[in-house]
Amino acid sequence: MNAIKKILGLVWIALGVAAGIYLVYFQAIPLWEKGGNDLVPAIIYTCVLAPLISIGMSVFGYYSLTGEFDNV
């Protein structure tokens, strides 16, 4: 079971990076290019959601990878 948790830790890290890339390149950049009323969601995607989701998922994956959840 611990081996599965370590493998899933790598999956969570990859998902964190992929989520950050998705939010910036496929959500925020088109909104930045439109301008106008779409700037507020673009700022939220770029400055709040992308780092929060990416760092959160990556830290969770790192903890799983290093064995912090072996006793659970």
Side-chain angles (χ1 to χ4, degrees):
M1 188 67 174
N2 288 335
I4 293 172
K5 289 179 187 177
K6 290 181 190 277
I7 293 169
L8 289 176
L10 290 173
V11 171
W12 277 104
I13 292 171
L15 283 174
V17 172
I21 291 170
Y22 175 78
L23 282 173
V24 172
Y25 286 114
F26 298 115
Q27 295 295 320
I29 290 177
L31 292 176
W32 281 104
E33 291 172 352
K34 285 183 184 178
N37 290 335
D38 293 330
L39 283 179
V40 174
I43 292 169
I44 292 171
Y45 284 147
T46 305
C47 299
V48 178
L49 290 178
L52 184 69
I53 291 171
S54 296
I55 292 171
M57 290 177 76
S58 297
V59 167
F60 182 76
Y62 173 74
Y63 285 154
S64 180
L65 189 63
T66 57
E68 293 288 328
F69 300 121
D70 286 349
N71 294 333
V72 177

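FYI, side chains are in, hydrogens and waters are out, and symmetry mates aren't considered; it's all heavy atoms of this structure.
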Completion exercise
Closest non-hydrogen contact found for G16 with S54 is O-OG, 3.1 Å

[X] [atom1] to [Y] [atom2] distance, which is reported to the nearest 0.5 Å:
X	Y	atom1	atom2	value
K6	T66	NZ	OG1	7.0 Å
L8	L15	CG	CG	10.0 Å
Y45	Q27	OH	CD	5.0 Å
L39	K34	CG	NZ	11.5 Å
I53	S58	CD1	OG	11.0 Å
L52	C47	CG	SG	12.5 Å

Handout entry: Co-membership, hydrophobic cluster, residues F69 and M57, 4.5 Å side-chain
Key = yes

Handout entry: Connected via hydrophobic side-chain network under 4.5 Å: L49 and V59
Key = yes

Practice task
Please check if the side chain of T46 supplies one atom and the backbone of I43 the other of a donor-acceptor pair under 3.5 Å.
Solution key: no

Handout entry: Residue pairs, two or more places apart or on separate chains, that pass ring-ring contact (aromatic ring centres under 6.0 Å, His included) and touch residues 4-23
Key = W12-F60, Y22-F26

Completion exercise
Residue set satisfying side-chain contact (heavy atoms from CB on, under 4.5 Å) with I21, at least two apart, ordered chain then number -> V17, Y25

